[in-house]
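For reference, the structure discussed in these notes is given below.
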Amino acid sequence: MKTRLIVGLDLPDRTTAEKLVTTLGDSVSFYKIGYQLAFVGGLELARDLLKEGKNVFLDMKLLDIDNTVASGVENIAHMGVTMLTLHAYPKAMRAAVEAAKDSGLCLLGVTVLTSMDDADLRETGYAEGAEALVLRRVAQARDAGMGGVVCSAQEAQKVRALVGSDMAIVTPGIRPAGSAAGDQKRVMTPADAIRAGSSHLVVARPITQAPDPRAVAEAIIAEMRSAIV
């Protein structure tokens with residue numbers, strides 16, 4: 001179950017991230033690196049984590065013209081990371097899948113951010129609600145040959161029914177019972193997310209801001225394990 005918990009290193013600098021990794025020790029084997037850390041040494045840290053046998057999820061949410069997406073994916077694939085995100089736009093996904101062919105890189109299509117709800121989508125110009133947009137983009141990711149999708153756990157059950165057992169369903173917005181939701185709007189507990197069909201859970205602040213991050217991570221893993229017994 002350790003490989004299904006992804007700890008988000010959404011931290012201000014590499015030193016802070018390295019201290020957290022040391023604190024978590026062998027209790028965690030999978031880390032997410034996004035924009036915040038990437039620009040202050042996070043990509044170099046990713047390489048070091050890979051050398052230590054950890055799995056790394058680069059949360060870059062790529063979106064650009066096909067050639068640029070393909071070139072970026074090729075270079076990231078050479079790093080040996082486990083997962084990479086791009087926005088679930090059909091042309092971008094098809095270009096990325098072709099570029100990552102035979103590399104072992106799991107490409108994830110980001111459907112609708114967990115910080116957004118129906119009202120946010122209306123403001124952005126979408127006529128459909130979050131769930132409908134998620135399911136449409138999931139179908140497009142499946143048809144493009146993507147390795148998985150990123151969605152909220154609230155949609156995971158319907159997404160799993162749509163994609164079957166092969167694709168990864170990575171769900172951020174995970175909050176243990178009693179945790180503050182913060183800026184997340186579509187949240188779920190670890191156990192409920194696993195029961196709903198999530199394959200991987202991304203947890204950042206409940207762990208990174210905890211007085212005892214290792215204890216929280218181990219409790220989340222135990223809760224995840226209890227959901228499949």
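Only a predicted model underlies this, so the values are computations on that prediction, with no experimental measurement involved. Positions are given from 1 along the sequence. Every heavy atom of this structure was used, including side-chain atoms; hydrogens, water molecules and symmetry mates were not.
The side-chain heavy atoms of L105 and V81, taken from C-beta on, include a pair separated by under 4.5 Å. At least one side-chain heavy atom of R14 sits under 4.5 Å from a side-chain heavy atom of D48. Residues V138 and M167 fail the side-chain proximity criterion, which asks for heavy atoms closer than 4.5 Å. Contact annotation: the side chain of K158 approaches that of L135 to within less than 4.5 Å [non-hydrogen atoms, C-beta and beyond]. Using a 4.5 Å heavy-atom cutoff, the side chains of H200 and F57 are not in contact. With a 4.5 Å cut-off on side-chain heavy atoms, L45 and Y31 do not count as touching. In this structure, the side chains of C151 and I169 come closer than 4.5 Å at one or more pairs of heavy atoms. When side chains are defined from C-beta on, T114 does not count as touching V150, because their heavy atoms never get closer than 4.5 Å.
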Worked check of side chain to side chain contact (heavy atoms under 4.5 Å, CB included) between T208 and D10: CA-CA 8 Å; T208 63; D10 301 332; over 6 Å; no
Verdict with supporting geometry, T68 and L62, side chain to side chain contact (heavy atoms under 4.5 Å, CB included): CA-CA 9 Å; T68 299; L62 302 179; over 6 Å; no
I would like to know whether V56 and M79 meet side chain to side chain contact (heavy atoms under 4.5 Å, CB included); could you show each step before the answer? CA-CA 10 Å; V56 174; M79 291 176 63; over 6 Å; no
Is there a salt bridge (Lys or Arg N to Asp or Glu O under 4.0 Å) between D59 and K61? Walk through the geometry before answering. CA-CA 6 Å; D59 189 16; K61 299 184 180 71; 2.8 Å; yes
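With 3.5 Å as the limit, one finds a donor-acceptor pair spanning the side chains of S152 and E155.
The distance from atom CG of L11 to atom CD of E18, rounded to the nearest 0.5 Å, is 11.0 Å. For the atom pair I220 CD1 and R175 CZ, the distance stands at 9.5 Å (nearest 0.5 Å). For the atom pair CZ (R137) and OH (Y89), the distance works out to 5.0 Å, reported to the nearest 0.5 Å. A distance of 9.0 Å separates CD in Q36 from CG in D13, rounded to the nearest 0.5 Å. In this structure, the separation between CG on L84 and OG on S103 is 9.5 Å, given to the nearest 0.5 Å. L201 contributes atom CG, which lies 8.0 Å from atom CD1 of I6 (distance to the nearest 0.5 angstrom).
Contact check on R136 versus E128 returns a salt bridge, with a Lys/Arg side-chain nitrogen under 4.0 Å from an Asp/Glu carboxylate oxygen. Checked for salt-bridge contact, K101 and E98 meet the test: a charged N lies under 4.0 Å from a carboxylate O. Using a 4.0 Å cut-off between charged side-chain N and carboxylate O, D26 and R214 make a salt bridge. In summary, R94 and D66 do not engage in a salt bridge, as defined by a charged side-chain N under 4.0 Å from a carboxylate O.
Heavy-atom neighbours of E52 CD from other residues, nucleotides or ligands within 6.0 Å: above the threshold of 12. More than 12 heavy atoms of other residues, nucleotides or ligands lie within 6.0 Å of NZ in K2, so this atom counts as buried by the packing criterion.
Contact between F30 and T82 at its shortest, heavy atoms only, is CZ-CG2, 3.8 Å. In this structure, T23 and P213 approach most closely via the heavy-atom pair CG2-CD, 4.3 Å. Between A130 and D118, the shortest heavy-atom contact is N-OD1, 2.7 Å. For the pair A100 and V73, the tightest heavy-atom approach, listed with the atom from each and the gap, is CB-CG1, 3.8 Å. Between A153 and I174, the shortest heavy-atom contact is CB-CD1, 4.3 Å. Heavy-atom minimum distance, A141 versus V149: CB-CG1, 3.7 Å.
No side-chain donor-acceptor contact under 3.5 Å links R142 to the backbone of M146. Within the 3.5 Å criterion, the main-chain N or O of V170 finds no donor-acceptor partner in the side chain of S198. A side-chain donor-acceptor contact under 3.5 Å links S27 to the backbone of L24. Remark: side-chain polar atoms of N75 are not paired, donor with acceptor, to backbone N or O of G72 under 3.5 angstrom. Put simply, the side chain of K54 gets close to the backbone of V28: a donor and an acceptor are under 3.5 Å apart.
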